[in-house]
K.L.:
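Quick one: structure below, then a few questions.
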Amino acid sequence: MKLLDELNPQQRQAVTALPGPVLVLAGPGSGKTRVLTHRIGFLIANLGIRPSEIMAVTFTNKAAREMRSRVEKLLGGDSGVGTSGISLGTFHSFCARMIRREADQFPVTRDFVIFDESDQITLMRQVLKRLNTDPKQIHPTRVRNAISSAKNELISPDVFAANNYFNEVARRAYEDYQHQLLESNALDFDDLLFLAVRILQEQEALRQEYRRRYPHILVDEFQDTNTAQYSLLRLLAGDEPDLFVVGDPDQSIYRWRGADYRNVLRFQEDYPQAQTFLLEQNYRSTQNILDAAMGVIDKHPGRQRKRLFTDHGPGPLIKIHEAYDEVDEANTVVETIAALTLSGEAEPGDCAVMYRTNAQSRVVEEAFLRAGLPYKLVGAQYFYGRREVKDIIAYLRLVHNPEDQLSLLRVLNVPPRSIGNKTIAALIETAEEADLSPGKILLDLAMNPASPYREGFKGRAAIALTGFGEMLTGWIELSAQGNLASLIDRVLIDTDYRAYIDDGSEEGEERWENVLELKAVADEYEELGLTLFLEHVALISDQDTLTEAQNAPTLLTLHAAKGLEFPVVFIIGLDDGMIPHQRSFDDGEAMAEERRLFYVGVTRAMTHLILVRAFRRRVFGTSSITDPSGYLEDLPADLLEGDYMGIMTSDQAAYQRQTDWRWKAQSIEVQPQFRVGMRVRHSSFGEGIVMESRIEQDDEEVTIAFESFGIKVLAASLANLETLED
DNA sequence: TAGTCTGGGCTTTTT
DNA sequence: GCCCAGACTA
C-alpha cells in the first residue's frame with residue numbers, strides 16, 4: 001500500500017514491526033519523524049487500531065503539532081479515519097491533563113497553575129529567606145536545580161539525602177517549597193511528572209485504567225527521557241506493551257536537565273524481547289558533512305560505531321575560517337550569507353547561524369543590523385520571559401486563583417501604587433495571623449466594610465490595599481462571565497498599564513506590542529477559558545515562537561537547533577572554552593555531551609557547513625587570545641578548506657597562527673601609561689600614588705594607594721585616571 | 001516610598 | 001558587558 005511505498009527497507013521494517021516493544025535507533029536525518037508518523041498510520045490503517053487507543057509523546061509542543069499534521073496528511077481524505085482521537089502531546093501536557101482529571105486525589109484543585117523556572121526561583125528566594133540562609137552562600141538557583149533534579153529522579157523530601165550543609169539546607173527548603181507551592185495551588189514542571197508517576201505507582205486501578213485506555217504508545221526523542229519520564233512510560237506500558245520508541249543516543253544533549261541516554265539500554269534490559277532497528281541512511285546532508293560528523297562522534301568514548309551514508313554525493317568541502325575577533329566573526333558570517341545569496345546558491349532563509357551561548361547572538365545581531373539585513377532569532381526570553389508579558393499573566397493568574405501569593409506579590413505594586421515593603425510585610429503578617437492567604441485578606445478588605453483586618457494597616461496603606469482588592473474583585477466578577485479578552489482589557493485599563501511600560505521610547509512601544517500580542521493569543525482561548533489559557537502559556541516554549549514565514553537567516557543556539565535542518569549552517573565560536581564550553585572541562589560526562597552537541601550542529605547542515613572561530617574573543621568584558629576548539633582536529637583534513645591553519649595540528653601551526661595575527665595583535669597592544677610613583681587623581685577616590693602597574697589581558701592594571709581610600713587595584717581603561725604633575 | 005547605586009553573577013533551557 | 005537583586009539615599 002501507498003503508506004509503505006515511501007519508506008526505505010529499514011524504515012519499512014520498523015514501521016511494520018509486530019506490536020510490542022520496539023526500539024528504533026535513528027541517526028540524524030534518517031527519517032525519524034517519518035517512521036513515527038507512518039507507524040501511527042500503520043497501526044490505524046493496517047491493523048485497524050482506533051486512534052483513541054494511541055498515545056504519542058514528544059518533548060515539545062512544536063514536535064507534537066508537526067506530528068499531528070503529518071499523520072493527518074498521511075491518513076487524510078480517503079482513509080476516512082479521523083486523527084483527532086490520538087492523544088498526541090508532550091510529557092508535561094499529558095501529565096497536566098491527567099492531574100486535572102484526577103484532581104481530587106492530589107493536594108491541588110483542578111485549576112492549579114504551573115510555575116515556570118523563574119517563578120520557582122522567586123519562590124525559592126522567599127523560602128530561603130525564611131530559613132535564614134545567606135543568599136550569597138546558598139544560591140536560590142542552585143537549590144532550585146537540586147530540587148528539580150531530585151524530582152526528576154523521583155526523590156521526595158523525606159528521602160532527600162542531607163549529607164552535607166548544602167543538602168541539609170536544600171532538604172529543608174524542598175519541604176518548605178512544596179508547602180508554599182500547594183498554598184498557592186500551584187505545581188512546578190517537575191511536579192507534573194513526579195505526581196503522575198506517583199499516583200500511577202500507588203493506584204493499581206488507575207494504572208489499569210490508563211493501560212486499557214492507551215494500549216499503544218509511541219515516544220519521540222527517547223534518548224532525552226529522564227528517570228521520571230521513563231518510569232511513567234513503564235507504568236503506562238506494563239509488561240507486554242506496544243511501546244514504540246525512537247531516539248539517537250548520539251544526540252542526547254539534555255543531561256543537565258536529567259535526561260539519561262542510558263534509558264536506551266534500560267529499555268533493552270527491561271524489555272528483552274524488544275526488537276531493535278537501525279536507521280542509517282541519511283536524507284539530509286552531503287556525504288562530506290556526514291563524514292565530518294562521524295569524525296567528531298567516533299571520538300566519543302564508549303560508543304557503538306554507526307555508519308551514516310547518503311546517496312546525495314560528496315557535495316562542497318566544509319569551510320573553516322579563523323576570524324580576528326568576535327566582531328570580525330559576525331561580519332564574516334553576514335558577508336558570506338550575502339555572497340551566497342548574491343550568487344544564487346542559497347536564499348537568506350536557507351541559512352542558520354548556531355552558537356553555544358545566547359550571549360553570542362548579540363554580536364551577530366549587531367552585524368546584521370549594521371548591514372541592514374533582517375534575521376530571525378530563536379532565543380531565550382523571547383516572548384514569555386518578558387517582564388510585561390509575565391506581569392499580565394500574573395494578573396490573570398491572580399484573578400484565576402487569588403491565593404497565588406507569588407503572582408500577587410509580583411503585581412501588587414506594579415505599576416507602582418504606593419504599596420511598599422512595609423505594607424506588604426504587614427499584609428503577609430495579617431494573613432499569617434488569620435491563617436488566610438494575602439489575596440483573601442485583600443478581597444475581604446474590598447467587600448467587607450467592617451473587615452476585621454483593616455485595623456492591621458495604617459490609613460494610607462489600608463486605602464491602597466482596599467483599592468487593589470476592589471480592582472481584583474471586579475476582575476474576578478468579570479472573569480466569571482467568561483470573557484477573556486475583556487478581562488485583559490479591563491486589567492490594562494484599571495492598572496493604567498500602558499502608561500507604565502510605554503514611555504514613548506522604541507523599547508516602550510515594543511513592550512506594549514508584546515502585551516497586545518499576548519492579548520491576541522488570549523483571543524484564541526475565548527472558548528476554552530482562562531484555565532486552559534494559563535496552562536498553555538505555562539507549557540509553551542521559545543521553540544514555538546520560531547516562525548517560518550520570513551525569508552531571513554535564523555540565529556539559534558546549538559541546543560535549539562536539534563531537530564531542525566538548513567541548507568547552509570554556520571557554527572561560530574569554535575574556540576576552546578566555547579565549544580566545548582569551559583564549564584564542562586572538569587566533568588567527563590559533560591565533555592562527552594559537548595561533543596554530541598557539536599555533532600548535532602554539524603548534522604543540521606544539508607549542503608554548506610561553515611565553521612568559524614575567532615583568534616581573540618571578548619568574554620565577560622575582557623578580550624583575550626583563544627585556542628581553537630579541539631573538535632576541529634577531529635574533522636578529516638581532506639574534507640576541509642579555508643584559511644584556518646590549526647588543522648595542521650602541531651605546535652608549529654600554533655606558532656604560525658600567532659605570527660599571522662601578530663601585526664594586528666601588536667597594533668592594539670596596550671602600552672603602560674603609569675609608572676610607579678606617579679601621582680594620579682580618581683573621580684571618586686581622590687588623589688593617590690601608583691604602587692604598581694602591569695598589563696593584564698589587554699588592559700593596564702594599576703595599583704594605587706589613595707590618600708583617603710587606601711590601596712585599590714584599578715583597570716586603567718575604566719578608571720579614567722588623571723595624572724598629576726609632581 | 002521610589003528612584004539610584006553597587007556588587008556579584010554569569011551554559012545550555014524541550015516543559 | 002550586561003543584568004538583576006538588594007542596599008542605600010532623597
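Throughout, a chain's letter reflects where its sequence line sits, starting with A, and its residues are numbered from 1. Excluded from the calculations below are hydrogen atoms, water molecules and symmetry mates; all remaining heavy atoms, backbone and side chain alike, are included.
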K.L.:
Enumerate the salt bridge (Lys or Arg N to Asp or Glu O under 4.0 Å) contacts for residues 188-197 of chain A, please, sequence neighbours excluded, ordered by first and then second residue.
P.N.:
A:Lys151-A:Asp188, A:Lys151-A:Asp191
K.L.:
Assess whether atom CZ of A:Arg142 is packed by more than 12 heavy atoms of other residues, nucleotides or ligands within 6.0 Å.
P.N.:
no
K.L.:
Considering only side-chain heavy atoms of A:Ser584, which listed nucleotide, B:dT14, B:dT11, C:dA5, is closest?
P.N.:
B:dT11
K.L.:
Which of parallel (below 30°), tilted (30 to 60°) and perpendicular (above 60°) describes A:His536 and A:Tyr525?
P.N.:
tilted
K.L.:
Between A:Ser184 and A:Gln405, do the side chains contain an N or O donor and an N or O acceptor separated by less than 3.5 Å?
P.N.:
no
K.L.:
Does a nitrogen or oxygen in the side chain of A:Thr141 sit under 4.0 Å from OP1 or OP2 of B:dG9?
P.N.:
no
K.L.:
Please list, chain by chain and in numerical order, all residues satisfying salt bridge (Lys or Arg N to Asp or Glu O under 4.0 Å) with A:Asp404, sequence neighbours excluded.
P.N.:
A:Arg397
K.L.:
Pick out the pairs of N or O atoms, protein on one side and nucleotides 1-7 of chain B on the other, that lie under 3.5 Å.
P.N.:
unit_1: B:dT1; atom_1: OP1; unit_2: A:Gly420; atom_2: N; d: 2.6
unit_1: B:dT1; atom_1: OP1; unit_2: A:Thr423; atom_2: OG1; d: 2.8
unit_1: B:dA2; atom_1: OP1; unit_2: A:Ser418; atom_2: N; d: 3.4
unit_1: B:dA2; atom_1: OP2; unit_2: A:Asn413; atom_2: ND2; d: 3.2

K.L.:
Test for a donor-acceptor pair under 3.5 Å between the base of B:dT12 and the side chain of A:Arg356, counting only N and O atoms.
P.N.:
yes
K.L.:
Stacking check: are the rings of A:Trp256 and B:dT12 less than 5.5 Å apart at their centres and under 30 degrees in tilt?
P.N.:
yes
K.L.:
Could you work out, with salt bridge (Lys or Arg N to Asp or Glu O under 4.0 Å) as the rule, every residue matching A:Glu102, not counting sequence neighbours?
P.N.:
none
K.L.:
Tell me which residues in residues 95-102 of chain A put a heavy atom below 4.0 Å from DNA chain B, sorted by number, or none.
P.N.:
none
K.L.:
Using atom CG of A:Asn152 as one end and atom P of B:dT13 as the other, report the distance to the nearest whole Å.
P.N.:
17 Å
K.L.:
What's the closest nucleotide to the side chain of A:Arg362 if the choices are C:dC2, C:dA5, B:dT12?
P.N.:
C:dC2
K.L.:
Can you pull every protein N or O that's under 3.5 Å from an N or O on nucleotides 7-10 of chain C?
P.N.:
none

K.L.:
Heavy atoms from C-beta onward define the side chain here; which of B:dT14, B:dT11, C:dA5 lies closest to that of A:Thr357?
P.N.:
B:dT11
K.L.:
In whole Å, what is the span from the CD1 atom of A:Ile121 to the C1' atom of C:dC3?
P.N.:
14 Å
K.L.:
Taking C-beta and beyond as the side chain, do A:Leu574 and A:Pro628 meet within less than 4.5 Å on heavy atoms?
P.N.:
no
K.L.:
Please pick, from B:dT14, B:dT13, C:dG1, the nucleotide with the shortest atom-to-atom distance to any side-chain atom of A:Asn358.
P.N.:
B:dT13
K.L.:
Side-chain donor-acceptor pair under 3.5 Å between A:Arg616 and A:Thr626, yes or no?
P.N.:
no
